Amino acid sequence: MFYSQNEEETIAIDYFNHREGASQVKTLLDIGANDGSTFSNSKFLIENGWVGFLLEPSHIAYEKCIENHKNNADKTFIYNFGIANETGEQDFLESASHLSNGKDIALLSSVPSRLTERWRNAVTFTESKAMFYTFADFEKLFLMDGEKFPYVTIDAEGYDWDILKQIDLKKYGVEMLCIEWNGVEQLANNYAHYCAPFGLKELHRNGENMIFAI
């Protein structure tokens, strides 16, 4: 069963299964994992042997994520926080259902951003609080020394660039990055310029996500 919005997971699986010299480390980082299933760019990989570190600041989406990964409990580390520019509790907008089938959980939730404003007339948001860490604090508090993430996926509803520029892609052995851009050319340029020194080039883009790989 596939989960991602535009078959991003099949691109990742094909890349790691067939690229000569691809890392044998099968650990991924999913920032903005939501319920761990809806439009997930990581669940299919986890079901196929990968270990997943999943971060989700929404409380209700986090609980659903644990439920959706109950069969993968030995392969998942699921955290109820996000990554931001400062560590601490922050204002957070929790979205009501967005999809026509009404089955999504807080899918558009985020700190206040351009994208949450974009959806204000179509989706109801509830103001709340959520916990965030800088990536440096996340590393210090929750990761083992030498942890590697060959595959990283970031979906943070307008906060993606703020997150990406905190991550040393070489240090974490990132070979593929899937990141939300939603057709914003400035973001595409930012991502490309950031990834280039680490040897990652654009491999694929669709209306929602861009994929960079070595």
Side-chain angles (χ1 to χ4, degrees), residues 3-5 9 27-47 50-99 102-113 115-116 119 123-145 147-149 151-167 172 174 177-180 209:
Y3 304 93
S4 62
Q5 193 169 4
E9 66 226 314
T27 306
L28 63 85
L29 175 63
D30 187 340
I31 301 175
N34 190 246
D35 68 2
S37 181
T38 304
F39 294 159
S40 174
N41 295 321
S42 65
K43 190 177 184 183
F44 183 76
L45 279 77
I46 293 168
E47 291 179 341
W50 285 65
V51 172
F53 284 70
L54 281 60
L55 281 55
E56 175 51 50
S58 164
H59 300 303
I60 57 173
Y62 163 77
E63 294 293 342
K64 190 66 175 179
C65 189
I66 291 176
E67 179 183 340
N68 285 335
H69 277 287
K70 61 185 177 183
N71 294 328
N72 306 313
D74 60 332
K75 296 183 292 182
T76 52
F77 300 86
I78 306 174
Y79 301 97
N80 189 197
F81 56 76
I83 301 297
N85 291 323
E86 296 181 357
T87 293
E89 196 174 59
Q90 297 188 27
D91 292 336
F92 189 70
L93 296 177
E94 193 127 45
S95 68
S97 177
H98 166 59
L99 301 181
K103 294 183 179 180
D104 58 302
I105 302 292
L107 189 62
L108 301 176
S109 300
S110 180
V111 294
S113 69
L115 280 185
T116 52
W119 293 112
V123 179
T124 300
F125 287 89
T126 301
E127 295 182 1
S128 63
K129 297 285 186 179
M131 185 63 192
F132 293 86
Y133 291 92
T134 63
F135 196 86
D137 283 346
F138 166 60
E139 173 191 32
K140 180 172 61 178
L141 295 171
F142 299 97
L143 299 181
M144 296 176 58
D145 289 343
E147 191 72 70
K148 300 296 183 184
F149 297 114
Y151 179 58
V152 173
T153 176
I154 304 174
D155 184 346
E157 302 304 324
Y159 214 68
D160 313 87
W161 172 233
D162 294 79
I163 293 170
L164 175 61
K165 60 187 179 182
Q166 297 184 51
I167 305 174
Y172 290 97
V174 179
L177 167 72
C178 180
I179 186 166
E180 190 174 56
N209 295 307

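All values reported here derive from a predicted model rather than from experimental measurement.
At least one side-chain heavy atom of I46 sits under 4.5 Å from a side-chain heavy atom of T76. For the pair S128 and F92, the minimum side-chain heavy-atom distance is below 4.5 Å. Between I154 and I167 the shortest side-chain heavy-atom distance falls below 4.5 Å. Looking only at side-chain heavy atoms (C-beta outward), E127 and L93 come within less than 4.5 Å of each other. No side-chain heavy atom of V152 sits under 4.5 Å from any side-chain heavy atom of L28.
For the side chain to side chain contact (heavy atoms under 4.5 Å, CB included) with F77, the lone residue among L54, V51, L29 that qualifies is V51.
A perpendicular orientation is assigned to the rings of F135 and F138, their planes being inclined by more than 60° (bins at 30° and 60°).
With hydrogens and angles ignored, the 3.5 Å screen pairs no side-chain donor or acceptor of Q5 with any backbone N or O of F39. Proximity of a side-chain donor or acceptor of N72 to a complementary backbone N or O of K75 within less than 3.5 Å is not detected. Judged purely by atom type and a 3.5 angstrom limit, E9 uses its side chain to pair as donor or acceptor with the backbone of S4. S40 contributes a side-chain N or O that, together with a main-chain N or O of S42, makes up a donor-acceptor pair within less than 3.5 Å. D160 contributes a side-chain N or O that, together with a main-chain N or O of G158, makes up a donor-acceptor pair within less than 3.5 Å. In this structure a side-chain-to-backbone donor-acceptor pair under 3.5 Å is missing from E56 to D35.
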Practice prompt. Could you give me the CA-CA distance, side-chain angles and deciding distance for Y3 and E47, then say whether side-chain hydrogen bond (donor to acceptor under 3.5 Å, both in side chains) is met?
Written response: CA-CA 11 Å; Y3 304 93; E47 291 179 341; 2.8 Å; yes

Worksheet item: Can you list the steps and then say if Q90 with K129 is a side-chain contact (heavy atoms from CB on, under 4.5 Å)?
Response: CA-CA 6 Å; Q90 297 188 27; K129 297 285 186 179; over 6 Å; no

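Side-chain rings of F53 and F149 approach one another, their centers coming within less than 6.0 Å. Aromatic pair F142/Y133: ring centres closer than 6.0 Å. Note: Y151 and Y172 fail the aromatic proximity criterion, with ring centroids not under 6.0 Å apart.
Within a 6.0 Å radius of CG in D145, other residues, nucleotides and ligands contribute 12 heavy atoms or fewer.
Of all the heavy atoms in S58 and N80, the pair that sits closest is O-ND2, 3.5 Å.
For the residue pair N68 / S37, no side-chain donor-acceptor distance below 3.5 Å is found, with atom types taken as modelled.
The CG atom of D155 sits 8.0 Å away from the CG atom of N34 when rounded to the nearest 0.5 Å.
Scanning for side chain to side chain contact (heavy atoms under 4.5 Å, CB included) contacts around T134 gives T87, A136, D137, Q166, with sequence neighbours left out.
Ion pairing of K64 with E67 is present here, as a side-chain N (NZ or NE/NH1/NH2) and a carboxylate O approach within less than 4.0 Å.
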